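One structure below.
None of the values given here were measured: they were computed from a predicted structure.
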Amino acid sequence: MPLPTGSYDVIVIGGGHAGCEAALACSRMGLRTCLFTMNVDTIAQLSCNPAIGGLAKGHLVREIDALGGQMAKTTDASGIQFRVLNRSKGPAVWSMRAQADRSLYKFAMKEALDSAPNLYIKQAAIEELIVDNNIITGALTTSGEIYEGRAVIVTTGTFLNGLIHIGLTNYPSGRAGEFPSVGLSASLLRLGFKMGRLKTGTPPRIDARTIDFSKTTPQWGDDPPEPFSFSTHQIKNPQMPCYITYTNEATHVLIRSSLERSPLYSGVIKGVGARYCPSIEDKVVRFADKPRHQVFLEPEGLHTKEYYANGIPTSLPVDVQIRMVRSIEGLADAEIVRPGYAIEYDCVYPTQLRHTLETKAISGLYLAGQINGTSGYEEAAAQGLMAGINAALKITGQPPLILQRHEAYIGVLIDDLVTLGTKEPYRMFTSRAEYRLLLRNDNAEMRLRDAGARVGLVSEEDYGRFTGKRALIEEELSRLKTQYARPDEINETLAALNTTPIEEKATLEQLLKRPQVTYASLEKLYPSLSSLPLDGRQYVETEIKYEGYVRQQERLVERMKKLEFKQIPPNFDYRSISGLSREVLGKLEDVRPETVGQAGRIPGVTPAAVSLLMVVIEKTKRKQSGELDP
């Protein structure tokens, strides 16, 4: 075997979102780090849709930022539309989403990598992992070079044995136009890892000059746009709209008549696809009663004419894709720039990992991203960050950073993967978290900034700004609890807000608990002496309005810690639990778990369902003991 070409503390394999976060974390924590990628020009490529965040995924991005990761900052530098989703619902499910300029995102992330201390980037394909006595020692490239490493983080995305499908034609590829990684997959198999096969897909890209936007509905972002990063003061890029249109019966007839040419329905594709992000073929077959499906036309950037047709991912032949696209309102003359395709790839079943994302079998080997069975940039980046942090902590002899389910969506994500595993591409949803009100967008910094600073990823400037803001928030919460409003001062405002006037003085906190009263409406009459930033004001208002619910969830956290092994009564009637989905109900009745902890580990049984189960068991117990009236 040849002599080592180079030696590093950490080797990161793959330049996608997981790889970037892992490499940056290790290098910023003072370790000599090398990032290997098959193509330096495609580092941080937005391989699928040009967007970051969305339902629950936006929470992950804010948590990455609070811990000192990079994704939110890069999104702010490249974002061309920002929206907070679910504003009409409670703050627990508000989710941030941004359209990103595909090229600007890559350039901004590459700039961050290039400026990171201790970080080296090499364009090379890794062929094999080098292991000695179940300890990782390095990696071998396809050209025969050996690189030593005290830890190796594998973040290969869809490149492991990647196979692209367009119609009944398929060819090896890790992403359109790029070679797959074959040797590394074989190396993992030789090391004894249990592996599976997953599938994802992407829709066609359309030339904007051939779209009739007058027949679509424009959707603009928020004005002013709210940044993802707690450190960003202002979004500087011009903002662009997206456009909404729909498929129709003609579209569906065409798809149904072409299913024999679909690799998905002809049995060519063996990998398991995402249930929650199906191809348009799947939508038409599975939801045959739906007369139409939304198509969300997203700009790929400020300086390109390509639009991403979100909502119609497909692996149908190109000629069918052309006719399908042109059957849609506003797209009658559309020209496809790049066709949609499906891609199959190898994954490692994540139950073989520890909560640090280190493999149980091989010390020093970490896996992050789609190799663990997840789907999405945000899930990948979160894993990459945590794998990087924990690899660096292990090398430096420090305790690991393991986030619990009540501390972060990242904790939910990793616990789900390593405890329950996944047989399909895993996607984060707010329903997966049983403590949603504790895990909000607006309090991610309060929850995780200290942890990020403790491991060395939060700059002194950012941490100083945070501690200053935290002090202002505590001061403001105290003021609202102790400052009183008199009836003659506030009743006119309360009447204008359609809420009951007060007959005697009340604290500002008491008034703010009313649904109709906002922090802004009170501040006009009782201004704060501190210069609390906008996100701090939102945090204060939410904490006060939902204080009772927050305390309730905090008590539930304590109970959860005690009830992991709580017995479920024999012959328990699961149908007595209001709010369980059919899927969850069926799994519980089929398995009949003996304990709540066991129920929580059944794949498909969500944390929210476990919370409901515990509440009903506890109520039943208290009724039987006479503590509650029947």
Original post:
Do the side-chain N and O atoms of Gln45 and Ser47 include a donor-acceptor pair separated by under 3.5 angstrom?
Top reply: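 Per modelled atom types, Gln45 and Ser47 side chains form no pair under 3.5 Å.
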Subject >> Distance-only side-chain donor-acceptor flag, Gln70 / Arg28, under 3.5 Å >> reply: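 On atom types as modelled, these side chains qualify, holding a pair under 3.5 Å.
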Should the pair [X]-[Y] be classified as a salt bridge under the 4.0 Å nitrogen-to-oxygen rule?
X	Y	answer
Glu589	Arg575	yes
Arg405	Asp416	yes
Glu618	Arg555	no
Glu378	Arg97	no

Value rounded to 0.5 Å, distance of [atom1] in [X] from [atom2] in [Y]:
X	Y	atom1	atom2	result
Ile389	Leu385	CD1	CG	4.0 Å
Asp76	Tyr105	CG	OH	10.5 Å
Tyr345	Gln370	OH	CD	4.5 Å
Leu437	Thr430	CG	OG1	12.0 Å
Ile136	Leu365	CD1	CG	5.0 Å
Thr155	Ile371	OG1	CD1	8.5 Å

Do [X] and [Y] come within less than 4.5 Å of each other through their side chains, counting heavy atoms only?
X	Y	answer
Leu556	Glu434	no
Met195	Leu160	yes
Phe572	Ile577	yes
Val285	Tyr265	yes
His293	Ile312	no
Leu448	Leu403	yes
Leu60	Ile410	yes

Between [X] and [Y], what is the shortest heavy-atom contact and its length?
X	Y	answer
Ile362	Ile135	CG2-C, 4.2 Å
Cys26	Gly388	SG-O, 3.3 Å
Arg286	Pro278	NH1-CB, 3.7 Å
Gln352	Gly192	OE1-O, 4.2 Å
Leu413	Ala382	CD2-CB, 4.0 Å

Is the backbone of [Y] close enough, under 3.5 Å, to the side chain of [X] for a donor and an acceptor to pair up by distance?
X	Y	result
Ser581	Val584	yes
Arg449	Asp65	yes
Asp282	Ser279	no
Asn390	Met386	yes
Ser173	Pro180	no
Asn86	Leu55	no
Glu281	Ser315	yes
Gln383	Gly369	yes
Thr359	Leu353	no
Glu379	Met428	yes

Subject >> cation_pi(Arg62, Phe230) dist<6.0 Å, angle<=45 >> reply: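 Yes, Arg62 and Phe230 form such a contact.
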**OP:** Answer yes or no for Arg440 and Tyr546: cation-pi contact, defined as NZ/CZ to six-membered ring centre under 6.0 Å and angle to ring axis within 45°.
**Re:** no
Original post:
Considering residues, nucleotides and ligands other than Tyr276, do more than 12 of their heavy atoms fall under 6.0 Å from its OH?
Top reply: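 Buried by this count: over 12 neighbours within 6.0 Å.
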Original post:
For Thr156 and Asp346, what are the C-alpha separation, side-chain angles and deciding distance, and is it a side-chain contact (heavy atoms from CB on, under 4.5 Å)?
Top reply: CA-CA 10 Å; Thr156 45; Asp346 290 346; over 6 Å; no
Subject >> With His59, the ring pair (Phe, Tyr, Trp, His ring centres under 6.0 Å) member among Tyr435, Phe228, Phe429, Tyr409 >> reply: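 The ring pair (Phe, Tyr, Trp, His ring centres under 6.0 Å) with His59 is passed solely by Tyr409 among Tyr435, Phe228, Phe429, Tyr409.
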**OP:** For the pair Ser363 and Lys394, evaluate side-chain hydrogen bond (donor to acceptor under 3.5 Å, both in side chains) and give the outcome as yes or no after the intermediate values.
**Re:** CA-CA 10 Å; Ser363 177; Lys394 180 172 183 175; 2.8 Å; yes
